[in-house]
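Working notes for the structure below.
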Amino acid sequence: MILVTGGAGFIGSNFVLEWLAQSDEPVVNLDALTYAGNLDNLRSIADDRRHIFVHGNIGDATLVADLLSRHKPRAIINLAAESHVDRSIHGPEDFIQTNILGSFRLLEAVRAYWSGLPDKSDFRFLHVSTDEVFGTLGPDDPAFSEDTSYQPNSPYSASKAASDHLVRAYFHTYGLPVLTTNCSNNYGPLHFPEKLIPLVIHNALNGRPLPIYGDGQQIRDWLYVKDHCSAIRRVLQAGKPGETYNIGGWNERANLDVVNMLCSVLDELQPRVDGKRYSDQIAFVTDRPGHDRRYAIDARKIEAELGWRPAETFESGIRKTVRWYLDNADWVENVASGSYRDWIEKQYA
Ligand SMILES: NC(=O)c1ccc[n+]([C@@H]2O[C@H](COP(=O)([O-])OP(=O)(O)OC[C@H]3O[C@@H](n4cnc5c(N)ncnc54)[C@H](O)[C@@H]3O)[C@@H](O)[C@H]2O)c1
C-alpha cells in the first residue's frame, strides 16, 4: 500500500492511473479537491478496489494519523500543493497554508507513524518539488544541478523551497527516509487549463486570444507527465534516502516557440473553420512580475545513478497532448466550468 497526496490533481492523477496500470499495489489517495483537484480525472478507476480515495487535507493531523494507522503504507508520495505561480502572486496565503504548514503537519504525522514501524529503513517519504526553487538562469548559465543553491523568486517557489527544507531537515534530524525530486514544467493529459499548454489549446479552440507574457522568450524545460511518473516510480524504487534527484525532459524551449508549435499541430489536426492560422490568435500581454527568465534541468544524476531517461521528445509529447485534448473535450468542459469559467471569462471580457 502506498499513500499519494494530491492524487486528484494533474500529476497526481496521472501518477495514480499509471501506478495502477503497472502494479497491483493499492493506493490511498488523499486530496482536498481544491479548484485544481478533480475526481473526473480518476473516472476510469472509479470501480477499482485498489484505489481508496479520501477527501481531506494534508494539514489535518488527526485524519492523516488515522489513515496511516489504518492503511499502513510503505511509502508516501507527496504531490499535494498549491501549484500555480500567478495565483501565488495574487494570493500567497493558500500557498503558505498548504505548501509550508500542510507539508509540516504531514511530516509530523508521518514521523509519528514511522517511528513505530518495525522496519523503519524500508519506509520512504517522497516529496515532489520543482526546478523553480533554484531561481532564474542567464542564457549561458549551466543548467540547475542537485548542488545548485535555492533562490526562489515567487511566493509559489518560496513556499515549495520551505517545504523542501523541512523534508531535508526531517532526514538529518530524525532520520526519516526521505527522497526529494525537483522536476521541470510538466505537460500532458489531465492538465488544468490555467497552465500555458492546456490554456493555449483551450483558448485556440474557443477562438480566444493566446496570451504571451512579455516577449515570450522565457525559457522552460518541458517534461511529459508520464515520463515524470515513471521517474517518480524509479526514485521510489532505487533512490537513496536523503538524496535529491532532478527530473527533466532535456527540452528547453522559449514560451513563444511552444505556443507556435501548439498552433501548428492544431492547424494540422483541427484547422480553423475560417481557414486562418491559430497563431493569428497570439496576443502579447504585460509580463508577470518577477518572471524568471530561464529554467534548465541537468538530469544526469538520475540517469547515471538510477538509469532513468525520458521516453518522449517534445515533438512526440506535444502531439500526444494535443490529440488528448481534442479527444477529451468533455473533460475540458467539465473542469473548466464553475468558478474557473467565471475567472477566465473575466480575463477575456
Ligand atoms: N505541474 C508542473 O509542471 C509541476 C512542476 C514541478 C513541480 N510540480 C509539483 O508537483 C506537485 C503536483 O503538481 P500538479 O501540477 O499536479 O498540481 P495541481 O495543482 O494540478 O494539483 C494539486 C492537487 O493537490 C490537491 N491539494 C491542494 N491542497 C491540498 C491540501 N492542503 N491537502 C490535500 N490536497 C491538496 C489539489 O486538490 C489538487 O488535486 C506539486 O507539489 C507541484 O509543486 C508541478
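Just follow the structure's listing: the first ligand is 1, and inside any ligand the first atom is 1. Because only heavy atoms are used, hydrogens play no part in the values below, and waters and symmetry mates are left out as well, while side chains stay in.
Numbered from 1 in the order shown, with element, the atoms of ligand 1 that lie under 4.0 Å from a heavy atom of A80 read 24 (O), 33 (C), 34 (N), 35 (C). Listed by number with element, the atoms of ligand 1 under 4.0 Å from a non-hydrogen atom of C183 are 5 (C), 6 (C), 7 (C). Every atom of ligand 1 with a heavy atom of S83 under 4.0 Å away is listed here by number and element: 17 (O), 18 (P), 19 (O). Those atoms of ligand 1 that come under 4.0 Å of a heavy atom in T130, given as number and element, are 6 (C), 7 (C). Counting atoms of ligand 1 from 1 in the listed order, those under 4.0 Å from a heavy atom of G56 are 32 (N), 33 (C).
The stretch residues 222-239 participates, sequence neighbours left out, in these salt bridge (charged side-chain N to carboxylate O under 4.0 Å, His left out) pairs: E18-K226. The salt bridge (charged side-chain N to carboxylate O under 4.0 Å, His left out) contacts involving residues 64-74 comprise E25-R74, D66-R70, where partners must be two or more places apart or lie in separate chains.
At a heavy-atom cutoff of 4.0 Å, ligand 1 is contacted by no atom of H84, backbone or side chain. With a 4.0 Å cut-off on non-hydrogen atoms, Y156 touches ligand 1 through its side chain and not its backbone. In L33, the part holding a heavy atom less than 4.0 Å from any atom of ligand 1 is the backbone.
Nearest non-hydrogen protein atom to atom 41 (O) of ligand 1 is K160 NZ, 2.6 Å.
Note: Y187 and F314 meet the aromatic proximity criterion, with ring centroids under 6.0 Å apart. Ring-centre distance between Y295 and F134: not below the 6.0 Å cut-off. Checked against the 6.0 Å centroid threshold, H291 and Y213 count as a close aromatic pair.
Heavy atoms of G102 stay at 4.0 angstrom or farther from ligand 1. Ligand 1 has at least one atom lying under 4.0 Å from a heavy atom of A8. At least one heavy atom of N185 sits less than 4.0 Å from an atom of ligand 1. Residue S13 places no heavy atom under 4.0 Å from ligand 1.
A salt bridge does not link E303 with R300: none of the charged nitrogens is closer than 4.0 Å to a carboxylate oxygen.
What you find for G248 and A299 is that their closest heavy atoms are N-CB, 3.8 Å.
Checking D31 against H55 by side-chain atom types alone, no donor-acceptor pair falls below 3.5 Å.
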